[in-house]
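What follows is a set of notes on a single structure, which appears directly below.
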Amino acid sequence: MTNNAGLVVGIGSVGRRHAAVMAKRYEQLFVVDSRPAALGWAKENLSCRLHLGSSIDEVASEVRAHADSTTAVIASWGPAHYEHFVALSELGVRRIFCEKPVATSLRQLSDMRAICERNDIKMTAGLHLRYRGIAEFVNAVSRESLGGEPTSFVVDGGARCVATTGSHWLDLAAAVYGIARGSVVAHLRDSAINPRSPSLRYWEGTAIWEFSGVKRLTITYDNSSSVHERARFYAPTGVVDIDTDLVCRARARDPRQLRDDPRTVRVGEITTDVLAEHVPDLNEVLTLQLDEIEGKRPITYGLDQVFDSAEALVLAFEASRVGRRLQFPATPDVLSNCVDWNIS
């Protein structure tokens, strides 16, 4: 079946990038945004056949008529993702890319996952680090040159938001570790400093995810600081640092020190020599992800990965609220008592 129609909900800064890709890909494009200026931008900058609407309802009849050949991208604000997903699924759309966060509560995520499984919806999400070759590099260089598998990933910095940016690092950790089960403990609080809108909260604090109890991710962000984050994987005898351009560099301890005393409790500095470097391709990956959900290439980031990662993120906020460590996947008691979060 030819996928000749695209649909994008939300034409903000991210949605515009996605719409530009989609306009070259599809014969016609549905564009939905409540802001007249956003729809005006679409008219001026997108060259394919357009169907514009201020809401999904305004284009519903046309979308329903083309549902079998339509691929949708949800790029609206996080708190609206669930509503938009449900509306599209009810119109018969069966290929959906959703920006992060996929949803803002555990209950929403559970419902969305059930809808996907019940209706055979192919879904992926806007967490691009899985497509940059970073996880493969970290695992390979750790095993070959740093004494074994990476066991800890530490990210710390200023106002970067545990939801907005932390979701990317969490998904990368899940890709590196290849583990979907574990636990999380967190202490988080929000500020009205989100550059997109003060109504969207920006989250600081510390969250620690433990994957099967043996590997972990720690994120600490400080909303009072404008300093960029640092990201480092620890392996038994070295580290992989990821810089702000996502370039990865592996460094190790002096092998002579390790020969003298290989015990982990006898710590030592890493050398300045770079053992290996990975410079990722930073071109857009939406094309690859749309190819996957449209059946044009094997799915590498599908339903299980999307919802496992999204649930682990939201569980950090729940763990902070209830003040105790929570397991992921979510247990029934946590799911039944969850709340909605202002994250985007």
Side-chain angles (χ1 to χ4, degrees), residues 3-105 108 112 123-126 128 161 163-165 167 190-202 284-287 289-290 293 340-344:
N3 300 301
N4 59 8
L7 185 153
V8 58
V9 184
I11 305 294
S13 58
V14 175
R16 291 182 182 189
R17 293 200 302 269
H18 293 335
V21 173
M22 298 173 77
K24 298 175 182 178
R25 182 182 181 93
Y26 301 110
E27 297 173 8
Q28 56 184 331
L29 183 64
F30 298 93
V31 178
V32 176
D33 198 295
S34 61
R35 299 164 297 179
L39 298 181
W41 176 91
K43 287 181 180 179
E44 294 178 6
N45 293 277
L46 303 177
S47 58
C48 64
R49 184 153 54 99
L50 296 176
H51 306 270
L52 306 179
S54 62
S55 67
I56 292 177
D57 284 344
E58 286 193 10
V59 296
S61 60
E62 292 176 284
V63 172
R64 185 178 287 109
H66 296 87
D68 287 345
S69 60
T70 296
T71 299
V73 167
I74 299 173
S76 50
W77 285 0
H81 287 178
Y82 175 73
E83 171 192 346
H84 292 153
F85 170 85
V86 171
L88 292 171
S89 68
E90 290 178 347
L91 292 175
V93 177
R94 296 296 180 259
R95 292 170 298 278
I96 299 175
F97 168 104
C98 185
E99 267 301 335
K100 51 80 185 167
V102 172
T104 57
S105 78
Q108 290 177 358
M112 292 169 74
M123 184 168 171
T124 190
H128 64 94
C161 187
T164 303
T165 307
S167 57
D190 60 325
S191 303
I193 61 171
N194 195 317
R196 297 174 69 189
S197 169
S199 65
L200 296 175
R201 312 302 285 184
Y202 228 53
E284 60 89 10
V285 297
L286 178 64
T287 297
Q289 293 187 267
L290 297 181
I293 60 176
D340 289 345
W341 293 93
N342 187 325
I343 55 178
S344 189

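Here the structure is a predicted model, which means the values were calculated and not measured.
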Residues in side chain to side chain donor-acceptor pair (under 3.5 Å) with [X], at least two apart?
{"X": "Arg35", "value": "Asp33"}
{"X": "Ser55", "value": "none"}
{"X": "Thr164", "value": "none"}
{"X": "Glu83", "value": "none"}

What residues form a side-chain contact (heavy atoms from CB on, under 4.5 Å) with [X], not counting sequence neighbours?
{"X": "Asp340", "answer": "Ser105, Gln108"}
{"X": "Ala80", "answer": "Ser76, His84"}
{"X": "Glu90", "answer": "Val86"}

Heavy-atom pair with the smallest gap, counting every atom of [X] and [Y]:
{"X": "Gly10", "Y": "Ala75", "answer": "O-CB, 3.7 Å"}
{"X": "Ala72", "Y": "Val93", "answer": "CB-CG1, 4.0 Å"}
{"X": "Ser344", "Y": "Gly78", "answer": "OG-N, 3.0 Å"}
{"X": "Ala103", "Y": "Ile343", "answer": "O-CD1, 4.2 Å"}
{"X": "Met22", "Y": "Thr71", "answer": "CE-O, 3.8 Å"}

**His66: partners by ring pair (Phe, Tyr, Trp, His ring centres under 6.0 Å), with sequence neighbours left out** =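 If we apply the ring pair (Phe, Tyr, Trp, His ring centres under 6.0 Å) test to His66, skipping adjacent residues, there are no hits.
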**Phe85: partners by ring pair (Phe, Tyr, Trp, His ring centres under 6.0 Å), with sequence neighbours left out** =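 In terms of ring pair (Phe, Tyr, Trp, His ring centres under 6.0 Å), with neighbours along the sequence ignored, Phe85 is linked to no residue.
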Reported [atom1]-to-[atom2] distance for the pair [X] and [Y], which is rounded to 0.5 angstrom:
{"X": "Cys98", "Y": "Tyr82", "atom1": "SG", "atom2": "OH", "answer": "12.5 Å"}
{"X": "Gln289", "Y": "Glu284", "atom1": "CD", "atom2": "CD", "answer": "9.5 Å"}
{"X": "Asn194", "Y": "Tyr202", "atom1": "CG", "atom2": "OH", "answer": "6.0 Å"}

Going by atom type alone, with no hydrogens or angles, which donor-acceptor pairs under 3.5 Å involve a side-chain atom of residues 11-19 and a protein atom two or more places apart or on another chain?
{"residue": "Arg16", "atom": "NE", "partner": "Ile11", "partner atom": "O", "Å": "3.4"}
{"residue": "His18", "atom": "NE2", "partner": "Glu99", "partner atom": "OE2", "Å": "2.7"}

Expected output: side-chain [X] to main-chain [Y] donor-acceptor under 3.5 Å:
{"X": "Arg95", "Y": "Thr70", "value": "yes"}
{"X": "His81", "Y": "Pro101", "value": "yes"}
{"X": "Arg25", "Y": "Asn4", "value": "no"}

**Request:** Could you pull out all residues at least two apart from Arg49 that satisfy salt bridge (charged side-chain N to carboxylate O under 4.0 Å, His left out)?
**Result:**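 In terms of salt bridge (charged side-chain N to carboxylate O under 4.0 Å, His left out), with neighbours along the sequence ignored, Arg49 is linked to no residue.
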**Prompt:** Among pairs that include at least one residue of residues 191-201, which meet salt bridge (charged side-chain N to carboxylate O under 4.0 Å, His left out), considering only residues two or more places apart or in two chains?
**Reply:**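 Listed by first then second residue: Asp190-Arg201.
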Side chains of [X] and [Y]: closer than 4.5 Å at any heavy-atom pair?
{"X": "Ser199", "Y": "Asn342", "value": "no"}
{"X": "Leu46", "Y": "Leu29", "value": "yes"}
{"X": "Phe30", "Y": "Val9", "value": "no"}
{"X": "Leu88", "Y": "Ile56", "value": "yes"}

**Request:** Show your reasoning for whether side-chain contact (heavy atoms from CB on, under 4.5 Å) applies to Ile96 and Ile293.
**Result:** CA-CA 8 Å; Ile96 299 175; Ile293 60 176; 5.8 Å; no
